[in-house]
Amino acid sequence: MKGHETFTEAVVRLLKSVPEGKVTTYGQIAALAGNPQAARRVVRVLCSLSEREGLPWHRVINSKGGVSLTGEGRKLQLGLLRKEGIRLGADGRMNLQRFQWRP
DNA sequence: GCCATGGCTAGTA
DNA sequence: GCCATGGCTAGTA
C-alpha cells in the first residue's frame with residue numbers, strides 16, 4: 001500500500017499486475033494492500049469492479065490452491081486458467097509453488 | 001444472514 | 001469443523 005491510495009485502489013492496482021499464467025490468492029492481495037485480515041474485502045472488490053476495471057479475476061484463487069467459485073462461474077474460471085496453462089490436480093488444487101505470482 | 005476467505009484445532013483412519 | 005472477519009442484501013417492523 002503506497003502513499004495515499006485506499007485499500008480498494010491498492011487491490012485494483014495489484015490485481016492488474018498479476019500476469020498471464022500466474023495466480024494469486026485473496027489473502028495475498030489483501031496482505032500486499034496493507035490488511036492481511038481483509039481477504040473477504042478482496043472478494044467484494046472482485047465482485048463489484050472486475051468488469052469495469054477489467055480485472056483478471058480468474059487468476060485469484062484460495063489459499064489452498066483451489067478455485068472457490070461454484071457452478072457456471074467455476075467452469076468459466078477453470079477454462080480461462082487452462083488457456084493460460086494452469087490446471088488443477090486430481091485433488092482440485094494447483095501447484096502454488098509453481099504458479100503463484102511473486103511480486 | 002450470507003459469502004469467490006483463512007488459519008487453527010480436534011479427532012478420525 | 002469452528003470462528004474471526006467485513007461488507008452487502010433481503011426482508012421484517
Side-chain angles (χ1 to χ4, degrees):
Chain A
M1 179 116 98
K2 53 169 74 162
H4 48 280
E5 69 187 346
T6 64
F7 179 82
T8 299
E9 288 166 347
V11 168
V12 168
R13 172 176 57 78
L14 289 161
L15 287 171
K16 285 180 173 175
S17 60
V18 179
E20 216 179 290
K22 290 290 178 183
V23 296
T24 185
T25 68
Y26 303 95
Q28 180 181 19
I29 295 297
L32 290 170
N35 186 349
Q37 322 285 300
R40 312 201 64 156
R41 288 183 67 185
V42 174
V43 172
R44 296 317 278 151
V45 174
L46 284 167
C47 289
S48 57
L49 299 176
S50 279
E51 191 170 7
R52 198 160 39 154
E53 297 285 341
L55 303 178
W57 60 270
H58 63 286
R59 299 189 187 124
V60 188
I61 62 176
N62 63 40
S63 64
K64 298 189 179 90
V67 163
S68 292
L69 274 74
T70 56
E72 289 307 304
R74 180 185 179 83
K75 291 181 193 170
L76 180 57
Q77 183 170 13
L78 291 176
L80 290 169
L81 287 173
R82 192 157 161 161
K83 280 198 289 189
E84 298 186 2
I86 300 172
R87 64 186 61 197
L88 306 187
D91 60 355
R93 300 182 186 190
M94 70 184 69
N95 184 342
L96 278 178
Q97 285 297 328
R98 179 173 169 196
F99 294 117
Q100 185 166 17
W101 172 58
R102 300 181 198 293

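Below, chains carry the letters A, B, ... as their sequence lines are ordered, and counting in each starts from 1. What you see is a predicted model; the values in this text were computed from it and never measured.
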**Sequence neighbours excluded, every pair satisfying side chain to side chain donor-acceptor pair (under 3.5 Å) that has a member inside residues 88-103 of chain A** = A:Gln28-A:Gln100

**Prompt:** Going by heavy atoms in the side chains, are A:Val45 and A:Ile29 under 4.5 Å from each other?
**Reply:** no

**Request:** Give the dot-bracket string for DNA chain B, reading 5' to 3', where a pair is Watson-Crick or G-U wobble with both distances under 3.5 Å, ( ) marks pairs inside the strand, [ ] marks pairs crossing earlier ones, | marks a partner on another strand, and . marks unpaired.
**Result:** |||.||||.....

**Asked** With sequence neighbours excluded, what pairs up with A:Ser63 under the side-chain contact (heavy atoms from CB on, under 4.5 Å) test?
**Response** none

**Item:** Set of residues satisfying side-chain contact (heavy atoms from CB on, under 4.5 Å) with respect to A:Leu80, sequence neighbours excluded
**Value:** A:Trp57, A:His58, A:Leu76, A:Lys83

**Distance in angstrom units between A:Leu55 CG and B:dA4 C1', rounded** = 14 Å

**Complete:** Residues at least two apart in sequence or cross-chain that pass side chain to side chain donor-acceptor pair (under 3.5 Å) with A:Arg40, listed by chain then number, are none

**Item:** Residues forming a side-chain contact (heavy atoms from CB on, under 4.5 Å) with A:Val43, sequence neighbours excluded
**Value:** A:Tyr26, A:Cys47

**Request:** If a pair satisfies salt bridge (charged side-chain N to carboxylate O under 4.0 Å, His left out) and one of its residues is in residues 45-57 of chain A, list it, with sequence neighbours excluded.
**Result:** A:Lys16-A:Glu53

**Complete:** Under a 4.0 Å heavy-atom criterion, the protein footprint on nucleotides 5-13 of chain B, written with B, S and -, is BSS------

**Item:** Side-chain heavy atoms of A:Arg59 within contact of A:Glu20, under 4.5 Å
**Value:** yes

**Message:** Tell me every residue that passes salt bridge (Lys or Arg N to Asp or Glu O under 4.0 Å) with A:Lys75, counting only those two or more places apart in sequence or in another chain.
**Reply:** A:Glu72

**Complete:** Here the residues of residues 85-103 of chain A within 4.0 Å heavy-atom distance, strictly under, of DNA chain B are none

**Residue mapping more 5' on DNA chain C - nearest nucleotide basis, A:Arg44 or A:Gln37** = A:Gln37

**Message:** According to salt bridge (Lys or Arg N to Asp or Glu O under 4.0 Å), who are the partners of A:Arg41, at least two apart in sequence or on a separate chain?
**Reply:** none

